[in-house]
There are 2 protein chains.
Amino acid sequence: MEHLPGQVTKVAVTVDLVVLTVRDDALCALVVRRAVEPHRGALALPGGFVLDQEDLEQAAARELAEETGMRPGSVHVEQLATYGAPGRDPRGRVVTVAYLALAPDLPVPAAGSDAAEAQWSPVASLLADNHPGSGIDSDIDRDAGLAFDHAEILRDGIERARAKLEYSPLGAAFCAEEFTVAELRRVYEIVWGERLDPRNFHRKVTKTEAFLEPTGATTTRDGGRPAQLFRRGSAEHLHPPLLRRAP
Amino acid sequence: MEHLPGQVTKVAVTVDLVVLTVRDDALCALVVRRAVEPHRGALALPGGFVLDQEDLEQAAARELAEETGMRPGSVHVEQLATYGAPGRDPRGRVVTVAYLALAPDLPVPAAGSDAAEAQWSPVASLLADNHPGSGIDSDIDRDAGLAFDHAEILRDGIERARAKLEYSPLGAAFCAEEFTVAELRRVYEIVWGERLDPRNFHRKVTKTEAFLEPTGATTTRDGGRPAQLFRRGSAEHLHPPLLRRAP
DNA sequence: TCAAAAGTGTTATGAATACACCCATGA
DNA sequence: TCATGGGTGTATTCATAACACTTTTGA
């Protein structure tokens, strides 16, 4: 069945994951410390090569499980974009398909995985104008920013997540199975870096059909008067959208 | 410099183009008739293999020029998504990075290109439930729907275009360099398949800062009272967005 | 003079904002 | 009883929807 023209360039394909969560009042991404060259010692997005006979989506789910121990069930995963500049990997031509994952703040069940220690890191510090790690000279890349073009990928992932909160119910993907309106609001505030009025937010998300599904239970874990607990509703879109100040 | 692990699967990478325009009151896509197997005789999206040392964006621009003769300047191109299911090309593992292009209704300057005849075709007929062309038995695939998974790619491209009209000034990418408000409105109406109030639409697009740039000239080509001609403005976003009925 | 489309004005409706206020709990 | 956050009510502002009406052309 192999009838591809012989001169066709063949390239290695990887998937890379932008796994975001909200944690300690900051938007955080999952990163691993690279154990091998290139960019050994530098931080990078988790990812790896796509296997033979493996779908891209599958590869992303597998890497997510392998490198972070997360169960696909509790995490939203969607394709982000593909990066294929010829020089992006010094080892040769590598095209990477980036995926965006939104996860609740579970303790990284890292232990047991064979990968380098995965850890949550605030995106602000990951992107704080470190030099894009083109560590050709130095032997080890510690503190040189994200490896490869992963800073660009992370930026794109964050922007996608921010935009999605406007018109989809995916903010809930950052919350536990059951959550209060205030917890969801804090997700919005942290992802957007913007204060929202608690009362108007409450009205918006509770009045929008099928956006939230009440569980009947309440909690006082946030202090004050008991708050209703909700699950994510069946709505796929938030219409009309909940807009940020100005994009 | 080649230090990729030897057992890494290498795959061929193509770019495929969803080139859309508005033409004869219908949303149309550019398709080519395949001259070689697989799916010989079937319609397919224009595209081709990414060359050695070529960026993905470059490859998309090159294919656009080669297969359709369009100049990049007059056409908006953006990455759409990547498709890599193991069985999507019978010749072997091929991952395709799809690009979305929005073009004005130029006569396809096809002549002179070495590719198969490119032609505009209404998307409604391209997607009218033909069997997804898995033409294993038949020798020639004429009238068997789009080749490969191109129907899925086309659907994704159309949905992206529809969504983008809501919050970006890209509707103008379907118009000539200079256009009237009514011409822009017809783009919206045809892409969305929905009637818009001419007067409210006029107000919305002309009052939004930097969305349209008046040229000073007028035209009567649409009949009736002369209409002002505009160019696309410098705005990158349309805020607040111009929403469809219900997504 | 008429049809046709451009463009303006006006009112009504609906949603977001801003904020006063009451409610229910733990400490 | 008091601090804390949950939740409701309401006036105001802003944007869109709906539509009457005037303007400017070609036929």
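Residue numbers begin at 1 in each chain, while the letters A, B, ... track the order of the sequences.
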Rounded to the nearest Å, what distance is computed from the [atom1] atom of residue [X] to the [atom2] atom of nucleotide [N]?
X        : N      : atom1 : atom2 : value
B:His239 : D:dT16 : NE2   : P     : 10 Å
A:Leu243 : C:dT17 : CG    : C1'   : 13 Å
A:Tyr167 : C:dA15 : OH    : P     : 21 Å
A:Leu229 : D:dG5  : CG    : C1'   : 15 Å
A:Phe201 : D:dG5  : CZ    : C1'   : 15 Å
A:Lys207 : D:dT10 : NZ    : P     : 13 Å
A:Phe179 : D:dG5  : CZ    : P     : 20 Å
A:Phe230 : D:dG6  : CZ    : C1'   : 11 Å

* To do: Working to the nearest 0.5 Å, report the span between CZ of B:Phe230 and CD of B:Glu183.
  =>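 With rounding to 0.5 Å, CZ (B:Phe230) is 11.5 Å from CD (B:Glu183).
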Between C:dA6, D:dG6, D:dG7, which one does the side chain of A:Gln228 approach most closely?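 For A:Gln228, the side-chain atoms sit closest to D:dG7.
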Has [X] got a side-chain N or O lying under 4.0 Å from the OP1 or OP2 atom of [N]?
X        : N      : result
A:Arg185 : D:dG6  : yes
A:Lys204 : C:dA16 : yes
A:His202 : D:dT8  : yes

Q. Do the side-chain N and O atoms of A:Thr96 and A:Asp16 include a donor-acceptor pair separated by under 3.5 angstrom?
A.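 Yes.
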Quiz item: Between the side chains of A:Glu78 and A:His76, is a donor N or O closer than 3.5 angstrom to an acceptor N or O?
Solution: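 On atom types as modelled, these side chains qualify, holding a pair under 3.5 Å.
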Short side-chain to backbone donor-acceptor contact, [X] and [Y], under 3.5 Å:
X        : Y        : answer
A:Trp192 : A:Arg162 : yes
B:Arg160 : B:Leu80  : yes
A:Thr220 : A:Pro226 : no

With B for base contact, S for sugar-phosphate-only contact and - for none (protein heavy atoms under 4.0 Å), nucleotides 19-27 of chain C reads BBB-BBB--
### Message
Check the orientation of A:His150 and A:Phe148. Use parallel for under 30°, tilted for 30 to 60°, and perpendicular for over 60°.
### Response
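Tilted.
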